[in-house]
There are 2 protein chains.
Amino acid sequence: MIRRIPQARDRGIPDATVARLPLYLRALNGMAERGTATVSSEDLALAAGVNSAKLRKDLSHLGSYGTRGVGYDVQYLIYQISRELGLTQDWAVAIVGVGNLGRALANYGGFASRGFRIAGLLDADPHVVGDRIAGLVVEHADELESVIKKRGVSIVVLATPATAAQQVCDRVIAAGVTSILNFAPVVLAVPDGVDVRKVDLSIELQILAFHEQRKANGGPIMAEEWPDGVVM
Amino acid sequence: MIRRIPQARDRGIPDATVARLPLYLRALNGMAERGTATVSSEDLALAAGVNSAKLRKDLSHLGSYGTRGVGYDVQYLIYQISRELGLTQDWAVAIVGVGNLGRALANYGGFASRGFRIAGLLDADPHVVGDRIAGLVVEHADELESVIKKRGVSIVVLATPATAAQQVCDRVIAAGVTSILNFAPVVLAVPDGVDVRKVDLSIELQILAFHEQRKANGGPIMAEEWPDGVVM
DNA sequence: TCGACTTTGTGCATAGCTTCACAAAGGCAC
DNA sequence: GTGCCTTTGTGAAGCTATGCACAAAGTCGA
């Protein structure tokens, strides 16, 4: 039974807000690079593609970091959001499954730039073990537990085939990992206290197809374009 | 101003429901492969990792396809969900940007199996153009408009660098595409009527880091483990 | 045919998220 | 100072999603 204790500065940030903070952070970094010193909620909201009231409410969960009449100090806000997200520390990430997707992830620059360090690449296929990818040598999946413990891995990325995902998942949890990013198209069963986030390419396409079909067959349409009385 | 017109069988399916339908579909396909003929909402909900009341409410938006006392016919439900999602037709997909991620996507089996046919691979880099990947020859990005029109592409996957994404996005929209799956870490500006879904690997990791940090520093914790009176 | 049992479909209460609208707070010119 | 202007932070209202709980509807055995 997990129960939150309200604290002095309540850390109960809504999930929806947490999911947007990285977006704000990215927009702020762009502004910092262009030399912008302060930004209003209106402008930042525009850059992040959200409503400005929502942005202000999101930021208000972190504290009161703005200045009325002026806006937010870009550098200061970057620091506060980074701290809140835990990006001021270094996270060791292991990628399990070095197929096409695993390789793409290993080479993806967006990780390293945010405090995520790839600390291990593992695969069960002996033909892949030993390959050097993005500066790391692929290790055998048998080494999973030892890699996690020796290198302090706290986040595991699953890029294995669907059939292997649950088994690998069980092993990394047994090894003490409680944060998993799952690319395999399966619903993982995990105990309480373990966070799983899922990225499913096929599901995203299916959602797009739904809306695309709807656009084609008079779904949500311009009311003006619908011939009067044609309702079937 | 877009306004929905309620229809005889109201097609106003909530977004949250649409996002879960592919999940149900996957679970149902697994059951069909194992020869299951009917399934109760309880069992299907378990397989899909959702609450059974939610599952029933989701399915009730499609119609009344269950039999009280028995459950749902697996094959029939597969058909109904597929039809609703638009998977009974063939969708031509083009992937723009054939870097590591683009290659992984091109080789990803999950697309073809659901009515998504990769109809084009494009890249701006002359060293990549001409490569054969997953049975297709990479074409130059200059051919974008012609590929979209000649092959009836209706969904475009953006796997370009962030800097090129908006420009490519503008071009595919000008060519008539209204559904985009964006892997580039930018907020795309698009006109009304265009659907963009975003997959952002770095954001997912940041969300995990937030929760991981919270687990480490007395965030949501076991109430029992918190020393009495220590509230700062 | 009947009654016990199973499971759906949904009304309702609740929780969470979004958006509006505005008072409070601060900067700046004079 | 003083007053005007800008922008934040947030109360309140409305909307969407969730989950309980149960009546309605169907199956199945006797």
Side-chain angles (χ1 to χ4, degrees), chain A residues 2-4 6 9-21 23-24 27-28 31 36-74 76-77 80-81 84 207 210-211 220, chain B residues 1-4 6 9-21 23-24 27-28 31 36-74 76-77 80-81 84 207 211 220:
Chain A
I2 295 178
R3 175 159 285 103
R4 281 207 337 101
R9 184 222 267 133
D10 187 6
R11 298 309 213 69
I13 301 179
D15 286 348
T17 294
V18 173
R20 283 187 294 265
L21 291 179
L23 220 58
Y24 304 153
L28 286 165
M31 289 171 178
T36 311
T38 63
V39 65
S40 69
S41 63
E42 200 68 47
D43 291 349
L44 182 52
L46 194 71
V50 302
N51 176 298
S52 70
K54 180 152 61 178
L55 171 79
R56 288 196 298 276
K57 190 153 282 186
D58 282 345
L59 294 183
S60 77
H61 285 111
L62 311 190
S64 193
Y65 298 141
T67 306
R68 293 170 193 234
V70 176
Y72 300 88
D73 182 280
V74 172
Y76 187 55
L77 199 51
Q80 290 297 345
I81 294 179
E84 197 67 49
I207 295 171
F210 171 83
H211 291 291
Chain B
M1 209 48 58
I2 295 178
R3 176 158 286 102
R4 279 208 338 101
R9 185 221 268 136
D10 187 6
R11 300 309 214 66
I13 301 179
D15 285 348
T17 293
V18 173
R20 282 187 294 265
L21 290 179
L23 219 58
Y24 304 153
L28 286 165
M31 289 171 179
T36 310
T38 63
V39 66
S40 68
S41 62
E42 199 69 49
D43 290 350
L44 182 52
L46 194 70
V50 303
N51 174 298
S52 71
K54 181 154 60 181
L55 171 76
R56 289 196 297 276
K57 192 156 283 184
D58 282 344
L59 294 183
S60 77
H61 285 112
L62 311 191
S64 193
Y65 297 140
T67 305
R68 294 170 193 236
V70 176
Y72 300 88
D73 182 281
V74 173
Y76 187 54
L77 198 51
Q80 289 298 347
I81 294 179
E84 196 67 49
I207 295 171
H211 291 292

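Excluded from the calculations below are hydrogen atoms, water molecules and symmetry mates; all remaining heavy atoms, backbone and side chain alike, are included. The sequence lines fix the lettering, A, B, ..., with proteins before strands; numbering per chain opens at 1.
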Length of the CG-P vector between L55(B) and dT7(C), whole Å: 14 Å
OP1 or OP2 of dT7(C) under 4.0 Å from side-chain N/O of S41(B): no
Note, E84(A) side chain near H61(A) side chain (heavy atom, < 4.5 Å): no
From dT10(C), dT18(D), dG27(C), nucleotide with atom closest to V70(A) side chain: dG27(C)
Whole angstrom value for the distance that separates P of dA21(C) from NZ of K54(A): 17 Å
Spacing between H61(B) atom NE2 and dT8(C) atom P, to the nearest angstrom: 17 Å
Closest heavy-atom pair and its distance - K54(B), V50(B): CE-CB, 4.2 Å
Nearest-Å distance for atom pair OH/P, residues Y76(B) and dT8(C): 16 Å
Touch class at under 4.0 angstrom, heavy-atom based, for T17(A) against every strand present: nothing
Out of dG9(C), dT18(D), dT8(D), whichever nucleotide has its closest atom nearest the side chain of R68(B): dG9(C)
A53(B) side chain, from C-beta outward: closest of dT8(D), dT10(C), dT18(C): dT10(C)
Distance below 4.0 Å between N51(A) side-chain N/O and dC20(C) OP1 or OP2: yes
Nucleotide dG9(D), atom P - distance to CG of L59(A) in whole Å: 8 Å
A16(A) side-chain proximity, nearest of dT8(D), dC17(C), dG27(C): dC17(C)
List every contact pair, protein side and nucleotides 13-16 of chain C side both N or O, where the distance is under 3.5 Å.
none

Shortest non-hydrogen contact from V18(B) toward I13(B): CG2-CG2, 3.7 Å
Among dG9(C), dA17(D), dA21(C), the nucleotide that comes nearest once only the side chain of D15(B) is considered: dA17(D)
L21(B) and Q80(B), any side-chain heavy atoms less than 4.5 Å apart: no
Any side-chain heavy-atom pair of Y24(A) and L55(A) under 4.5 Å: yes
5' precedence on DNA chain D between S40(A) and G69(B) (nearest-nucleotide basis): S40(A)
Length of the CG-P vector between D73(B) and dT7(C), whole Å: 15 Å
Euclidean distance, L62(A) CG relative to L77(A) CG, rounded to 0.5 Å: 7.5 Å
Check: K57(B) side chain, dT18(D) base, donor-acceptor under 3.5 Å: no
d(CG, L44(B); C1', dT6(C)) in whole Å: 17 Å
side-chain N/O R56(A) vs dG11(D) OP1/OP2, d < 4.0 Å: no
Minimum heavy-atom distance L44(A)-V39(A), with the two atoms named: N-CG2, 3.8 Å
Nearest heavy-atom neighbours spanning S41(B) and Y72(B): CB-CE1, 4.0 Å
Atom-to-atom span, CG of D58(A) to P of dT19(C) - whole angstrom: 11 Å
Under-4.0 Å side-chain N/O to phosphate OP1/OP2 contact, Y72(A) with dT6(D): no
